[in-house]
Amino acid sequence: MIKKDILSKSWWKYLCVIFLTYTVIAGFLMPVPALPHLHETIRNLYFHVCMWFAMMYIFTVSLVYSIKYLNNPKEDYDIIASQSTYTGLVFGVLGLVTGALWATYSWEGGTGGVSWISDPKINGAFVALLSYFAYVVLRNAMDDEQKRARISAVYNIFAYVMMIVFIMIYPRLSNVDSMHPGNGGNPGFNSYDLDSHMRLVFYPAVIGWLLLCTWIASVNIRTERIKRYFHNI
Amino acid sequence: MRKISFLSLIMFVLCSVLVTAQTPASSQPLEMADKMRSNGMIYVVVGCLVIILVGLLVYLITIDRKVTRVEKEIEENKNK
């Protein structure tokens with residue numbers, strides 16, 4: 001029996017299309033504050049930042065389903081947890097790459113050529129991604145399905161804690177200068193550049209990208225369900 | 001029905017891009033002045049990104065449909 005749930009429904013996918021189309025159009029055309037170093041690249045807020053939000057969101061989903069699996073070892077929980085993590089990794093890599101491109105042109109006064117500085121946020125994000133890549137390796141290293149599901153669920157909880165420590169806590173403890181808001185003595189979003197025009201685009205953008213992330217994960221989850229269905233016959 | 005409504009959505013987006021492209025604009029004599037070329041041709045970038053986004057979304061929808069079809073096939077085979 002293939003499980004049917006909200007992932008097969010389509011209303012939220014329409015929402016995703018609408019929000020993302022709005023993001024791309026309004027994201028380029030709405031006015032933004034003129035800031036030194038950033039210039040128009042401040043618009044990357046609607047794209048680069050949303051990649052990380054989507055990644056953290058889908059990793060949280062994965063964590064919830066890993067915990068659920070440990071409480072009640074249903075195969076479907078394992079499917080949701082694992083496929084969510086795979087999807088989150090794609091968004092994380094996109095966040096890293098877009099960040100590198102952004103930094104090349106706006107860091108150091110836009111001299112160019114600097115895409116990987118020892119910024120605590122970048123290194124932290126990289127370590128967090130590595131710990132999730134280890135999750136993939138760990139899963140592929142085990143053949144026994146129940147053992148794989150249980151051990152990777154436990155590891156997933158560990159990886160999530162690592163991610164929070166390396167993305168949210170370590171950059172804020174560090175004294176090294178950082179361009180990321182809220183880190184290394186920089187103020188957070190609210191105290192400077194997110195003016196009311198940017199909010200009009202930023203919040204719909206976040207919702208749109210989160211929905212897109214959910215959508216891609218849902219396709220992965222449903223494919224995996226079909227695969228397991230045939231495997232279990 | 002859903003297919004038609006989705007197609008109309010795509011058409012709407014593409015048309016709106018084209019309409020902005022064709023709106024005649026300002027009075028500078030030497031510029032080949034249309035909206036697409038104003039503001040450092042930012043509208044060209046917007047157009048490209050909209051096309052990419054629509055393309056990717058259409059692709060995602062096709063994959064989604066494919067999965068739905070396989071799910072239905074499995075259901076039907078089971079009922080036989």
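Order of the sequence lines fixes the chain letters, A, B, ..., with proteins taken first and strands second; residue numbering starts at 1 for each chain.
Closest approach of Val24(A) to Leu53(B), counting heavy atoms only: CG2-CD2, 3.8 Å.
Heavy-atom distances place both the backbone and the side chain of Leu49(B) under 4.5 Å from chain A.
Summarising the geometry, atom CG belonging to Leu56(B) is positioned 8.5 Å from atom CG belonging to Leu212(A); distances are rounded to the nearest 0.5 Å. Here the straight-line distance linking atom CD1 of Ile226(A) with atom CD1 of Ile74(B) works out to 5.0 Å at 0.5 Å rounding. Note that the CD1 atom of Ile61(B) and the SG atom of Cys16(A) stand 9.0 Å from one another [nearest 0.5 Å].
With sequence neighbours left out, Tyr160(A) forms a side chain to side chain donor-acceptor pair (under 3.5 Å) with Thr60(A). Checked against side chain to side chain donor-acceptor pair (under 3.5 Å), Lys13(A) has the following partners two or more places apart in sequence or in another chain: Asp64(B). Residues passing the side chain to side chain donor-acceptor pair (under 3.5 Å) test with Thr85(A) are Ser62(A), sequence neighbours excluded.
Salt-bridge check for Lys4(A) with Glu71(B): passed, with a basic side-chain N closer than 4.0 Å to an acidic carboxylate O.
The stretch residues 71-81 of chain A places none of its residues near chain B, where near means some heavy atom under 4.5 Å from a heavy atom of that chain.
Counting non-hydrogen atoms of other residues, nucleotides and ligands closer than 6.0 Å to CD of Gln146(A) gives a total of 12 or fewer.
The most heavy-atom pairs under 4.5 Å with chain A, out of Ile63(B), Val70(B), Thr68(B), come from Thr68(B).
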